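Reviewing the structure listed below.
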Amino acid sequence: QVQLVESGGGSVQAGGSLRLSCAPSGDTFITYSMGWFRQAPGMEREGVAALHGYGTINYADSVKGRFTTSKDYAKNTLYLQMNSLKPEDAAMYYCAAVPQYLLVRPSLLETEYKYWGQGTQVTVAS
């Protein structure tokens, strides 16, 4: 069973950037499809970005052109580069994983993921 550990959250001014990292322990993510999700207080968790094990990527409309997800296979780490941050991007961010054979496309639906990290907080000041 893979365990996911996020890092890189913090507090930034609007317009700033952050890079989140997600490192799986107990396994390599090469056979997993990965996703980034976020949840703001009082809101439902929403998909932000998804990277299928075969390389295809999907982004939520709200972050297209600003967020980029990528994998560093040498470091066995998933990244979410967040640029031009807005106050509405503030949330707890989670990475998630599912064996790639269970998905045919990069999914932004949280119900399709099996493993979750503990989350990392992102705060954006206006």
Side-chain angles (χ1 to χ4, degrees):
Q1 179 173 336
V2 64
Q3 294 180 323
L4 305 173
V5 180
E6 303 98 334
S7 61
S11 192
V12 296
Q13 294 288 323
S17 298
L18 282 173
R19 188 177 75 164
L20 306 184
S21 300
C22 174
S25 63
D27 205 343
T28 173
F29 62 54
I30 196 169
T31 59
Y32 291 85
S33 288
M34 307 292 294
W36 288 100
F37 293 79
R38 66 187 181 187
Q39 188 169 23
M43 305 291 287
E44 292 188 355
R45 190 154 54 184
E46 63 174 348
V48 174
L51 198 161
H52 192 272
Y54 297 134
T56 52
I57 299 175
N58 189 22
Y59 295 100
D61 288 342
S62 59
V63 306
K64 281 181 181 176
R66 301 188 298 122
F67 290 13
T68 303
T69 189
S70 61
K71 287 181 180 178
D72 184 326
Y73 289 95
K75 296 182 178 179
N76 198 35
T77 300
L78 176 74
Y79 297 105
L80 181 68
Q81 178 67 45
M82 307 186 295
N83 298 328
S84 302
L85 282 161
K86 304 175 181 180
E88 53 263 42
D89 294 318
M92 184 73 80
Y93 281 72
Y94 302 88
C95 72
V98 61
Q100 67 181 32
Y101 70 89
L102 292 177
L103 292 182
V104 296
R105 63 184 63 85
S107 174
L108 296 177
L109 298 177
E110 64 171 310
T111 54
E112 297 195 308
Y113 290 83
K114 289 190 66 176
Y115 307 109
W116 292 84
Q118 83 289 346
T120 186
Q121 183 70 44
V122 172
T123 304
V124 184
S126 57

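On a predicted model such as this, the values are computed, not experimentally measured, just so you know.
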Give a yes or no on whether the backbone of [Y] and the side-chain of [X] come within a donor-acceptor separation of less than 3.5 Å.
| X | Y | result |
| --- | --- | --- |
| E6 | T120 | no |
| Q121 | G10 | no |
| S33 | G53 | yes |

Do you know the tightest heavy-atom contact between [X] and [Y]?
| X | Y | answer |
| --- | --- | --- |
| M82 | L85 | CB-CD2, 3.8 Å |
| A14 | S126 | CB-CA, 4.3 Å |
| S21 | T77 | CB-CG2, 4.0 Å |
| D72 | Y79 | CB-CE1, 3.6 Å |
| G47 | A60 | O-CB, 3.4 Å |
| K71 | M34 | CE-CG, 3.9 Å |

Using a strict 4.0 Å threshold on nitrogen-to-oxygen distance, state whether K64 and D61 make a salt bridge.
-> yes

Can you tell me how far apart [atom1] ([X]) and [atom2] ([Y]) are? Round to the nearest 0.5 Å.
| X | Y | atom1 | atom2 | result |
| --- | --- | --- | --- | --- |
| N58 | L108 | CG | CG | 4.5 Å |
| L4 | Y113 | CG | OH | 11.5 Å |
| T68 | R19 | OG1 | CZ | 12.0 Å |
| F67 | S17 | CZ | OG | 9.5 Å |
| Q39 | Y94 | CD | OH | 5.5 Å |
| M43 | M92 | CE | CE | 15.5 Å |

Given side chains that start at C-beta, do those of [X] and [Y] come closer than 4.5 Å, heavy atoms only?
| X | Y | answer |
| --- | --- | --- |
| R38 | V63 | yes |
| D89 | V122 | no |
| T31 | Y101 | no |
| N76 | P24 | yes |
| P99 | K114 | yes |
| L103 | H52 | yes |
| W36 | L78 | yes |
| L51 | P106 | no |

Are L102 and Y32 joined in one hydrophobic group, where the rule is that I, L, V, M, F, W and Y side chains link up if heavy atoms are under 4.5 Å apart?
-> no

Are V48 and I57 co-members of a hydrophobic cluster defined by side-chain heavy atoms under 4.5 Å apart?
-> yes

What about F37 and W116, are their ring centers closer than 6.0 Å?
-> yes

